Amino acid sequence: MMGLPAATQGLFPVPQLEYQNLAPVLIVLVAALLGVLVEAFLPRTARFRAQLVVTFGGLLIALAALFFAGNTDGVIAEGAIAWDGPARFLQGLILVLSFVAFLLFTDRKIDPGRDAFAPRVSAVPGSAEEQSLTEKLVQQTEVYPLALFSVSGMLLFPAANDLLMMFVALEVLSLPLYLLAGMARRRRLLSQEAALKYFLLGAYSSAFFLFGSAMIYGYANSLRFSEIAAATSSQSASEGLLLVGIGLISVGLLFKIGAAPFHEWTPDVYQGAPTVITAFMAATTKVAAFGALVRIFYVAFGPVREQWLPLISVISALTMLVGVIFALTQREMKRMLAYSSIAHAGFLLTGVVALSQKGVGAILFYLVAYGFATIGAFGIVTLVRDGAGEASDLSAWAGLGKRSPGVAALFSLFLLSMAGIPLTAGFPAKFAVFSAASASGASWLVIVGVIASAIAGFFYVRVIVLMFFTDPQDDTTTVAIPSLATAVSLAVCAGVTIVLGVLPQIGLEVADRASLFIR
Amino acid sequence: MNPMNYIYLSAALFSIGAFGVLFRRNAIVVFMCVELMLNAANLAFVTFARINGTLDGQVVAFFVMVVAAAEVVIGLAIIMSIFATRRSASIDEANLLRS
């Protein structure tokens with residue numbers, strides 16, 4: 001405290017920060033800032049390579065830091081961040097999933113010489129400026145620092161132990177994603193529209209979250225989860241504030257995970273955003289948001305479970321049914337996958353309803369299975385193309401199995417995993433959340449879940465039948481040869497899906513050991 | 001004056017903002033309504049800090065201001081790029097994404 005008058009020393013105690021445990025978040029943040037400096041000071045030709053080094057180097061160092069950060073549970077950073085099993089598990093998962101998704105960003109072989117992002121996002125679509133940029137093969141590399149900023153927010157989100165930290169992490173996670181959604185090279189009007197919708201609805205929902213936090217603060221006189229839980233068991237006055245607070249906070253978080261009836265943005269944004277960005281955010285945002293949702297409901301609102309459990313159960317059932325029924329009616333591949341991800345949010349919510357340690361472990365395992373299958377599936381979508389870019393209409397996928405059996409088989413693997421077929425990671429995942437829910441007495445929800453899974457199986461298998469047993473309608477569809485990075489990314493996704501399907505006990509054990517929240 | 005009145009005021013402001021988002025058609029106005037909701041939350045935080053006698057609520061208000069400023073930067077950039085393309089900031093005309 002040098003430089004401060006002696007009198008203020010007692011008033012402002014120096015906060016104690018556990019840098020060792022905060023290192024993964026800080027490293028990703030530093031990498032993002034380095035990325036901004038690269039954009040500012042390096043010549044355009046050198047930026048791409050430099051960004052790759054900074055981005056992937058940063059993620060690897062962050063993973064190493066997480067590995068060496070130690071696993072003694074505790075509350076760190078003056079109580080703002082929890083350092084426990086779920087936080088560590090989800091931080092590791094988010095880092096790995098981001099790494100795999102970022103590999104897709106780097107592909108410049110599918111669309112020869114270009115990547116998936118607009119050369120200059122501010123250029124008006126179809127203008128002379130844009131044309132000249134495209135002819136000169138100008139590439140922007142701003143996506144990498146933006147995506148890293150988003151990752152740093154995602155790392156904080158499931159570890160946040162008070163409402164303020166959670167709100168800030170939510171915004172740090174979301175703001176770069178709004179921009180990334182609007183950066184597609186092709187179909188730019190759709191992409192800009194997706195960014196606008198995502199931004200307006202995202203900001204709307206985080207305002208609900210914030211006002212809910214204010215109500216909870218008024219009720220508990222604290223933002224810390226443990227103290228909110230203590231307040232709920234000790235006082236009964238102004239119960240209204242607590243209920244309004246829980247309701248508004250739920251709206252904010254359920255929006256982020258894409259649960260019905262707050263799912264409307266999901267198909268639009270997943271369709272409009274560049275497919276590689278969709279792969280990234282569909283997987284990692286859901287992981288981070290579920291971590292935060294489970295923590296706040298288990299730790300802060302656990303003692304008043306009878307107030308919110310019925311509502312979340314109904315939302316879980318509704319989300320599963322809305323997801324699978326709307327997915328049935330889609331003619332567009334990315335929209336179908338978006339509704340399938342909504343259905344997965346419903347399946348994951350059954351694990352939340354279980355409200356047991358077993359349920360948390362099941363959710364963690366499910367997120368691994370879901371994350372890799374999702375990145376893999378959207379990665380395949382980037383490969384199948386026609387003259388105008390990605391061939392997203394389902395009819396273009398007819399007969400794909402005859403033309404390129406490898407790609408079709410890989411896509412089938414990811415779809416089967418999402419459908420929850422044995423020998424893929426989706427089966428033990430679904431089994432784990434359902435058995436946790438039924439052990440906690442939510443049998444009706446499990447029945448709804450099984451029915452939803454059956455309907456879901458139908459539309460996943462329909463795509464597989466379309467690929468392997470239908471004759472191609474036209475010859476405009478081609479399958480691009482991916483770059484090495486994309487191939488590695490798809491191989492990792494397929495590998496995890498198969499290994500966790502054949503030997504689920506490895507993953508289930510790790511997830512189970514990591515399933516205890518610190519209170 | 002009873003400080004709870006400020007909570008009622010903040011609830012009213014929040015509701016005006018929430019309904020404004022649902023019923024207004026101009027993206028800029030919708031965005032202003034979201035900002036109104038954030039500031040309503042700020043008022044609630046500061047009032048509860050006064051009622052409860054803790055400083056946490058006042059600290060939150062500062063964080064929210066910073067976050068709101070960051071949100072303005074991002075939001076106006078997105079709305080500007082849409083406006084440059086379509087010469088319109090109406091959210092009804094942004095309707096290409098349909099099932």
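Sequence lines set the chain letters: A, B, ... in the order given, protein chains first and strands last, and positions in each chain run from 1. We use all heavy atoms of the structure for the numbers below, so side chains are in, but hydrogens, waters and symmetry mates are not. These numbers come from a predicted model, not from an experiment.
Among the residues in residues 9-17 of chain B, those with a non-hydrogen atom closer than 4.5 angstrom to a non-hydrogen atom of chain A are Ser10(B), Ala11(B), Phe14(B). Using non-hydrogen atoms only and a strict 4.5 Å limit, the part of residues 40-48 of chain B facing chain A consists of Ala40(B), Ala41(B), Ala44(B), Phe45(B), Phe48(B). Using a 4.5 Å heavy-atom cut-off against chain A, the contacting residues of residues 67-79 of chain B are Val67(B), Ala70(B), Glu71(B), Ile74(B), Gly75(B), Ile78(B), Ile79(B).
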>> Under the criterion side-chain contact (heavy atoms from CB on, under 4.5 Å), I'd like the reasoning laid out for Leu22(B) against Tyr204(A): C-alpha separation, chi angles, the key distance, then a yes or no.
In response: CA-CA 10 Å; Leu22(B) 296 178; Tyr204(A) 192 47; 3.6 Å; yes
>> side-chain contact (heavy atoms from CB on, under 4.5 Å) for Leu189(A) and Arg86(B)? Distances and angles first, verdict last.
In response: CA-CA 9 Å; Leu189(A) 286 182; Arg86(B) 303 178 191 236; 4.3 Å; yes
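Annotation: Met65(B), atom CE; neighbour count of heavy atoms from other residues, nucleotides and ligands within 6.0 Å is above 12. A 6.0 Å sphere centred on CZ of Arg25(B) holds more than 12 heavy atoms belonging to other residues, nucleotides or ligands. Enclosure of atom OH in Tyr6(B) is not indicated, since only 12 or fewer non-hydrogen atoms of other residues, nucleotides or ligands lie within 6.0 angstrom. Around CZ of Arg186(A), the count of heavy atoms belonging to other residues, nucleotides or ligands within 6.0 Å exceeds 12.
With chain B as partner, the option from Gly202(A), Ser222(A), Ala195(A) having the largest number of non-hydrogen pairs under 4.5 angstrom is Ala195(A). Comparing Leu164(A), Val121(A), Val168(A), Val124(A) by how many heavy-atom pairs each has under 4.5 Å with chain B, the most go to Leu164(A). The candidate from Ile51(B), Ile7(B), Val30(B), Val34(B) with the greatest count of non-hydrogen atom pairs under 4.5 Å with chain A is Val34(B).
Looking at Glu171(A), only its side chain comes within 4.5 Å of chain B, counting heavy atoms on both sides. Both the backbone and the side chain of Ala194(A) come within less than 4.5 Å of a heavy atom in chain B. Interface residue Leu175(A): backbone and side-chain heavy atoms are both found under 4.5 Å from chain B. For a residue to count as touching a neighbouring chain, one of its non-hydrogen atoms must lie under 4.5 Å from one of that chain's; by this rule Ser174(A) does not touch chain B. Heavy atoms closer than 4.5 Å to chain B are found in both the backbone and the side chain of Tyr217(A). In this structure, the portions of Phe208(A) lying under 4.5 Å from any heavy atom of chain B include both its backbone and its side chain.
Side-chain contact check for Val21(B) versus Leu200(A): every heavy-atom pair is 4.5 Å or farther apart. Residues Val60(B) and Phe167(A) have side chains not in contact (no heavy-atom distance under 4.5 Å, counting atoms from C-beta outward).
Applying the salt bridge (Lys or Arg N to Asp or Glu O under 4.0 Å) criterion to Arg462(A), with sequence neighbours excluded, gives no partner residue.
The distance from atom CG of Asp56(B) to atom CD of Glu227(A), rounded to the nearest 0.5 Å, is 8.5 Å.
Of all heavy-atom pairs between Gly218(A) and Asn52(B), the closest is O-ND2, 3.7 Å.
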